[in-house]
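In what follows, every heavy atom counts, from backbone to side chain, and hydrogens, waters and symmetry copies are set aside.
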Amino acid sequence: MTRETTAKARLSIDGWVTAAALVIGIFYAILTAARTEDPLMSIHAYIFAGAFLLGIFAIIKAYYDSSEHQANKPADAPVEYNLDVIKAGVIASVFWGIAGFLAGDTLAFQLAYPDLNFDVSFFNFGRLRPLHTSAVIFAFGGNVLIATSFYVVQRTCKARMPGDFAPWFVFWGYQLFIVIAATGYLMGITQSKEYAEPEWYADIWLTIVWVVYLFVFLGTLWKRREPHIYVANWFYLAFIATVAMLHIINNLTVPVSWTSTKSYILFAGVQDALVQWWYGHNAVGFFLTAGFLGIMYYFVPKRAGRPVYSYRLSIVHFWSLIFMYIWAGPHHLHYTALPDWAQTLGMTFSIMLWMPSWGGMINGLMTLSGAWDKLRTDPVLRMLVVSIAFYGMSTFEGPVMAIKAVNSLSHYTDWTIGHVHSGALGWVAFVSFGALYCLVPWLWNRTQLYSLKLVSYHFWIATFGILLYITSMWVSGILQGLMWRAYDELGFLEYSFVETVEAMNPLYWIRAIGGAFFLIGALIMAYNLWRTARGDVREERRLLSPESVPSPVAAE
């Protein structure tokens, strides 16, 4: 069979289907741009058309550059994993991470010194804030999850991902969603739902991409050569499947027209609020918790060279977390029009979540039994372990803040901001950084990182930044809440709103400085990873490679 015919056979499976879908997408996008009276919709339609056209060119290039099809190899041949798409995911993760951290710190300085918005609509707080949250959660965190899940599921299943174009469609389709969402925020396109700001057409596109992502992941599990499905894959699967359900239901909208950016939510009033925070809290629970626990359960044992402390505990952790988290959303709606029984239900399940969350934390920390000495010499492992500690701290603080008496003080204050960022920076970002430090030498076939000393600098600078950030917001939030509920002897409010803002200003400067330290750490990481990918070496001490560490699957 010739090279050309094998390429054509491969394209006939998923390449031609993708190409045909992209051609249809181009015509629809151009038609929308021509018919719409909304200039913002026209801009997004042309972005879609340009992206689809680039996708077709990529498929044509793959047609001529393709090598022998995997199916032509003997059944007992070593598995050739699809690593190129994971490399792209690592690069995208670093890029979007720095962009998101920069946007966040810009907002922090704007709160401390509002004139920094320069009276320009694109730099308005209301437009930059969703840009920051989406960039950090979905662009940085989402790309880390896609890249690590593609790596982990292939290695633990000893199987290549199905299709050569489907994984790339997931990657580039997700980048297109990020671009559409980000440009939409800056232009003022939003449906004003927390963590779900993109409008209806961006939501439909993400749904298509996410369904393909689910099929790629399930297809790899189906093709596995290992009878055992490692626990990390269960967490990844729960993250992918549940986020799909949350995304679809929370974004049920009716567009004004098929050529308009505007749509109206299907729900209204307290029903809309309940659906939104059912989605919002479980976006935290399954996107920012379950997915990153998948990272923890693979990279911590891999890095430590030890099996998971208790596989039985990991299964209990998984099922109890999955069952309880889905009920906790109403604690965001204490003292609202939501029925009191629903508020109490959310509070109860939030408190119950403390147990499985700490079970997972204990499992992760105890995995280092017999390997604690590595924390002195391996800053990457140190970063992963500290991320687990932050996970434990955040999952203790969250249930406490869900208690109605505590929530009456903390809600709507900066205490919530401090809590969110202790989890986002300490847990999500640190475990992501640790995974990226592991992946780059493995993917680019390097025996060591460019510099372990730079990893250590990154760790301490970022940790200092996190501590500045969260402690200032804790103090600011409690100060804010106490000033809001202070009354004078006549029963009038003792402080005006502007007085509370004035009192918090010094703490906002501390928060902004802490964010700057965290951003500097991320820039150090980007430089270190870039030099590692180039093959540069600064230190002689080798890192742990996949070949030198027992496989978590084999160890279990």
Just checking [X]: does its [atom1] atom have more than 12 heavy atoms from other residues, nucleotides or ligands closer to it than 6.0 angstrom?
| X | atom1 | value |
| --- | --- | --- |
| Phe517 | CZ | no |
| Phe125 | CZ | yes |
| Lys158 | NZ | no |
| Arg534 | CZ | yes |
| Phe123 | CZ | no |

Is the closest side-chain heavy-atom distance between [X] and [Y] below 4.5 Å?
| X | Y | value |
| --- | --- | --- |
| Gln191 | Ser263 | yes |
| Thr259 | Glu37 | no |
| Asp84 | Trp168 | yes |
| Leu145 | Phe239 | yes |

(request) With side-chain contact (heavy atoms from CB on, under 4.5 Å) as the test, would you mind laying out the steps for Asn143 and Ile178 before giving the verdict? (result) CA-CA 10 Å; Asn143 273 290; Ile178 293 168; 3.6 Å; yes

(request) State, without any angle test, whether Thr156 and Asn233 hold a side-chain donor-acceptor pair at a distance under 3.5 Å. (result)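 There is such a pair (donor and acceptor under 3.5 Å, judged by atom type) between the side chains of Thr156 and Asn233.
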
(request) Say whether Thr242 and Tyr325, considering side chains only, have a donor N or O and an acceptor N or O under 3.5 Å apart. (result)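 Side chains of Thr242 and Tyr325: no pair found under 3.5 Å.
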
(message) Quick check against the 3.5 Å criterion: does Trp427 have a side-chain atom that pairs as donor or acceptor with the backbone of Thr289?
(response)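 No.
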
(request) Using modelled atom types only, decide if a donor and an acceptor are shared between the side chain of Gln154 and the backbone of Phe150 within a distance under 3.5 Å. (result)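 Such a contact is found between Gln154 side chain and Phe150 backbone.
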
(request) Please lay out, stage by stage, how Glu197 and Arg127 fare under the test salt bridge (charged side-chain N to carboxylate O under 4.0 Å, His left out). (result) CA-CA 11 Å; Glu197 287 92 349; Arg127 296 193 181 185; over 6 Å; no

(request) Please determine if Lys262 and Asp38 form a salt bridge, counting it only when a charged side-chain N lies under 4.0 Å from a carboxylate O. (result)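 Salt bridge absent between Lys262 and Asp38.
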
(message) Pair Thr148, Tyr236 - check side-chain hydrogen bond (donor to acceptor under 3.5 Å, both in side chains), show working.
(response) CA-CA 9 Å; Thr148 56; Tyr236 281 125; 3.0 Å; yes

(request) In sequence, state the C-alpha distance, the side-chain angles, and the governing distance for Ser422 and Ser394, and then conclude on side-chain hydrogen bond (donor to acceptor under 3.5 Å, both in side chains). (result) CA-CA 6 Å; Ser422 69; Ser394 298; 3.2 Å; yes

